[in-house]
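Just below is one structure, and these are the notes that go with it.
Values below: all heavy atoms of this structure, side chains included; hydrogens, waters and symmetry mates excluded.
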Amino acid sequence: MKNRLSQLNINRKSICALIALLLILAVVLGYCYTKTIKNTFITGAPYPTQDTSVELLEQDEEIVQRFSADAINMFSLDFETPNNGAFGHASVVLRNVEDKREIYASDIDFSQIDFSDDVKFRLDAPIQTEEPEAYELVISADQLDADYDVYINIIASEIRNASLTINDNPMESNLNFAVYGSSGFTKDLFVLLAIFSLMLMLVAFYLLILKPVRIEKTYLVMVLLIGMLYIFVFPPNSAPDELTHYTNAYQVANSIVGAEKNDDNTMSFRQTDYKCFSYSNMPTGQTYSEYSDGLLHPSAGKDGRKQVMGPKISAPVVPYVYAPQTIGNLVARLFRLDFEWSYMLGRLFNLILFAVITYLAICRTPIGKGVFAIVALFPMTMELAASQSYDPFVIAFSFLALSQYLYMAYGENKTRKRDFVVLIGAIIILAPVKGIYLTLLLLPFFLPQKCFSDKRQRKAYLLILAGCVLVAIVIVLFIFFNMIDATQNTAIVRDDGALFTFADFLANPLLFIKMFVKSSLVGLQDLILTMVGSNLGWLEIMIKPQIILCYVLILAFAALRRRDEEIIIKTTDRVLFIVAFAGAFVLMMFVFFVSWTPVSSEIIQGQQGRYLIPLIPLIALLLNGNELTRNRISDRHLFLACCLLQCITIPMIFREIIFR
């Protein structure tokens with residue numbers, strides 16, 4: 001009887017917890033809908049393009065921007081005040097072209113605008129018409145202080161049914177403006193996303209609380225489901241360097257099927273796949289419409305095998321890292337699927353590889369299962385895992401190498417030959433992809449004596465390992481110097497000046513040390529934030545810092561030792577982990593110093609936190625010790641909290657993309 005009452009009490013607590021989690025998620029979804037989804041971008045250009053120029057506002061000047069729309073809730077204009085502020089006012093009027101009816105009027109105080117501001121104007125009474133009507137924005141500057149400059153951004157690209165005049169003089173460009181209105185398509189997408197988010201939370205709660213399943217199996221299910229949502233919310237080319245990775249994988253697929261080759265600067269594409277160049281890396285609501293239209297209304301058919309020539313962005317250094325993307329591309333070619341399906345299949349196979357390898361890593365490690373699972377569920381990690389990038393390959397195999405080391409060093413099972421092969425092989429596979437992870441080769445050298453039958457076996461192992469390390473170093477150096485040569489031959493000068501070279505480092509290594517120290521101090525916070533995922537997409541999709549802090553705290557709790565756990569990281573391994581992480585960090589900064597940093601810069605440029613994701617468990621596991629422990633909070637609870645954060649993060653990503 002007591003057991004039944006106890007079980008009933010647990011069920012009540014579980015139900016209450018589930019209701020609380022669903023209420024939190026519902027509040028976030030409701031906030032995203034009311035604040036953004038009701039006001040989505042319709043026309044205009046929300047961000048400056050490469051063809052952006054500026055128009056200096058002058059006293060008594062009148063700027064008239066015409067456009068068409070059938071729904072207007074809000075519009076925005078992009079101003080610049082390069083003098084660290086300005087004094088003056090301008091009036092902004094929105095009116096109907098046909099009847100000259102004034103719909104909205106506002107005054108801008110330029111002293112309230114920062115260097116570059118996107119100023120938004122919300123209508124008191126939103127407009128909704130059956131057919132698009134013509135409107136005009138009239139901007140007139142008065143009371144401008146002559147000592148300060150105020151500019152408004154102009155874009156050279158064409159906007160449908162739009163025209164710009166300045167003092168009645170027609171212009172070939174348009175203002176960098178944006179109009180927001182109610183979009184039924186956007187609402188439908190968000191409702192679909194909200195339903196999936198709620199279902200995701202129910203699945204996570206069921207697997208982790210109601211029917212406790214091993215965290216490894218739960219992780220495999222959740223990472224695939226969450227990854228599918230990331231594939232949905234990030235249209236093509238919206239992840240870092242994704243177009244480059246797609247074309248690299250495409251070249252590998254071309255070599256397999258024997259597609260026509262032209263020269264070093266061009267490559268063969270299926271006609272439908274040439275659309276990859278039409279997708280911007282700054283997606284908007286319109287991009288979702290194009291993406292879904294390509295998925296739901298395929299048109300390749302017989303044209304699926306027509307070939308065209310296109311630009312070759314780069315060449316894959318180690319083709320095997322693109323194996324999953326290549327498989328997706330080949331499947332799309334086999335069934336003559338459209339570009340959107342080809343792109344999605346490449347992402348899907350990439351996600352599956354990441355999920356399976358990290359699942360094996362979590363199964364393998366005797367310690368820190370929650371650490372690996374939570375790092376794999378960081379927003380930045382999931383964005384990469386659901387993209388065309390080879391970063392998920394790198395992250396997955398680095399996790400496998402570290403978990404294999406922990407298994408051999410702290411596991412109770414007898415070490416077999418294949419354990420050595422898995423450990424060394426995983427690291428050797430990584431090294432040619434990104435040489436900074438060569439520091440992981442320190443791990444096999446510090447395996448404890450218990451892994452060997454005798455000292456003779458250990459000596460033989462160390463000789464073989466030293467040979468493997470030497471070969472890996474030679475390969476990495478060969479790739480590195482080829483990369484340096486290519487960089488110096490093709491990108492020696494950027495808009496911000498000439499770049500540092502390897503010769504500069506040899507001539508003045510002290511300069512690198514000074515810039516390294518300064519860059520580390522200045523950019524440490526950004527590295528941590530971007531490591532977790534505060535800046536997604538091309539670093540322009542912002543996630544609230546409070547959400548990022550929650551991910552970090554969850555990881556910290558997961559790294560703490562449970563009181564009933566006997567395994568504690570040894571001091572020698574703590575030092576080893578710090579050295580391996582620090583070495584990779586220094587190598588990363590060095591690579592960006594000799595390949596990406598202008599001579600005029602005072603800090604090393606190009607470094608991002610995502611490059612350190614494979615090594616996060618090394619630092620997190622330093623918290624495993626006797627001093628700080630956790631008792632009631634299990635890995636399941638922490639992983640559930642991480643799933644909840646993902647259900648909050650995903651709608652926010654969608655909101656950020658739709659709103660711009």
Side-chain angles (χ1 to χ4, degrees), residues 39 41-49 51-127 132-181 284 659-660:
N39 302 313
F41 169 73
I42 312 177
T43 188
Y47 282 108
T49 66
D51 299 322
T52 300
S53 59
V54 293
E55 173 69 24
L56 177 65
L57 295 185
E58 297 181 357
Q59 189 80 18
D60 300 325
E61 184 177 56
E62 184 177 72
I63 299 175
V64 180
Q65 174 70 65
R66 293 194 174 189
F67 63 94
S68 297
D70 58 1
I72 307 176
N73 290 352
M74 183 172 64
F75 62 92
S76 64
L77 294 164
D78 194 19
F79 292 95
E80 290 187 11
T81 55
N83 308 104
N84 295 321
F87 293 98
H89 294 263
S91 65
V92 177
V93 176
L94 175 66
R95 60 193 179 203
N96 188 288
V97 171
E98 185 176 350
D99 56 17
K100 298 298 180 181
R101 174 171 48 90
E102 185 177 289
I103 298 170
Y104 178 84
S106 179
D107 179 76
I108 304 174
D109 182 358
F110 291 120
S111 65
Q112 303 300 315
I113 296 178
D114 292 330
F115 172 76
S116 181
D117 248 356
D118 186 30
V119 183
K120 294 181 172 62
F121 307 88
R122 187 180 298 276
L123 275 60
D124 296 329
I127 298 171
E133 296 186 0
Y135 300 92
E136 59 184 16
L137 280 172
V138 182
I139 305 166
S140 55
D142 51 11
Q143 305 176 18
L144 278 179
D145 192 317
D147 295 332
Y148 295 89
D149 293 330
V150 178
Y151 297 91
I152 187 165
N153 274 308
I154 306 289
I155 58 171
S157 58
E158 294 183 0
I159 302 173
R160 184 183 300 177
N161 298 327
S163 62
L164 174 66
T165 60
I166 299 178
N167 287 338
D168 296 327
N169 297 317
M171 308 292 291
E172 295 182 357
S173 305
N174 290 283
L175 294 182
N176 187 53
F177 74 105
V179 179
Y180 303 82
T284 64
F659 194 51
R660 60 190 179 191

Shortest non-hydrogen contact from [X] toward [Y]:
{"X": "Ala162", "Y": "Gln65", "answer": "CB-NE2, 3.8 Å"}
{"X": "Ser173", "Y": "Leu164", "answer": "O-CB, 3.4 Å"}
{"X": "Ser91", "Y": "Ser140", "answer": "OG-OG, 2.7 Å"}

Atom pair [atom1] ([X]) and [atom2] ([Y]), whose distance is rounded to the nearest 0.5 Å:
{"X": "Asp109", "Y": "His89", "atom1": "CG", "atom2": "NE2", "value": "4.5 Å"}
{"X": "Met171", "Y": "Thr165", "atom1": "CE", "atom2": "OG1", "value": "9.5 Å"}
{"X": "Phe75", "Y": "Leu137", "atom1": "CZ", "atom2": "CG", "value": "5.0 Å"}

- Taking side chain as C-beta onward, heavy atoms only, is Leu175 less than 4.5 Å from Ile139?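 Touching, per the 4.5 Å side-chain cut-off.
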
- Note on the structure: Of Val138, Val93, Val97, Asp168, the one forming a side-chain contact (heavy atoms from CB on, under 4.5 Å) with Val64 is Val138

- Query: Is a side-chain donor or acceptor of Glu102 paired with a backbone partner of Arg95 at a separation under 3.5 angstrom?
  - Reply: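 Pair absent, no side-chain N/O of Glu102 close to backbone of Arg95.
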
- Query: Ignoring hydrogens and geometry, is there a side-chain-to-backbone donor-acceptor pair from Glu133 to Asn96 under 3.5 Å?
  - Reply: no

- Message: Between Ile72 and Ile103, is the side-chain contact (heavy atoms from CB on, under 4.5 Å) condition met? List the steps.
- Response: CA-CA 11 Å; Ile72 307 176; Ile103 298 170; over 6 Å; no

- Kindly determine whether Ile152 and Phe177 satisfy side-chain contact (heavy atoms from CB on, under 4.5 Å), including the steps that lead there. CA-CA 10 Å; Ile152 187 165; Phe177 74 105; over 6 Å; no

- Query: Between Arg66 and Glu136, is the closest basic N to carboxylate O distance under 4.0 Å?
  - Reply: yes

- Item | Working for side-chain contact (heavy atoms from CB on, under 4.5 Å), residues Leu77 and Phe79 | CA-CA 6 Å; Leu77 294 164; Phe79 292 95; 3.7 Å; yes

- Query: Can Asn176 and Asn153 be counted as having a side-chain donor-acceptor contact under 3.5 angstrom?
  - Reply: no

- Query: Taking only residues two or more places apart in sequence, or in another chain, which ones meet Asn167 in a side-chain contact (heavy atoms from CB on, under 4.5 Å)?
  - Reply: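 So Asn167 forms a side-chain contact (heavy atoms from CB on, under 4.5 Å) with Glu61, Glu62, Asn169.
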
- For Ser106, side-chain contact (heavy atoms from CB on, under 4.5 Å) partners two or more places apart: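 With neighbours one apart ignored, the set is Tyr104, Phe121.
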
- Task: Could you list the residues that satisfy salt bridge (charged side-chain N to carboxylate O under 4.0 Å, His left out) with Asp124, not counting sequence neighbours?
- Result: none

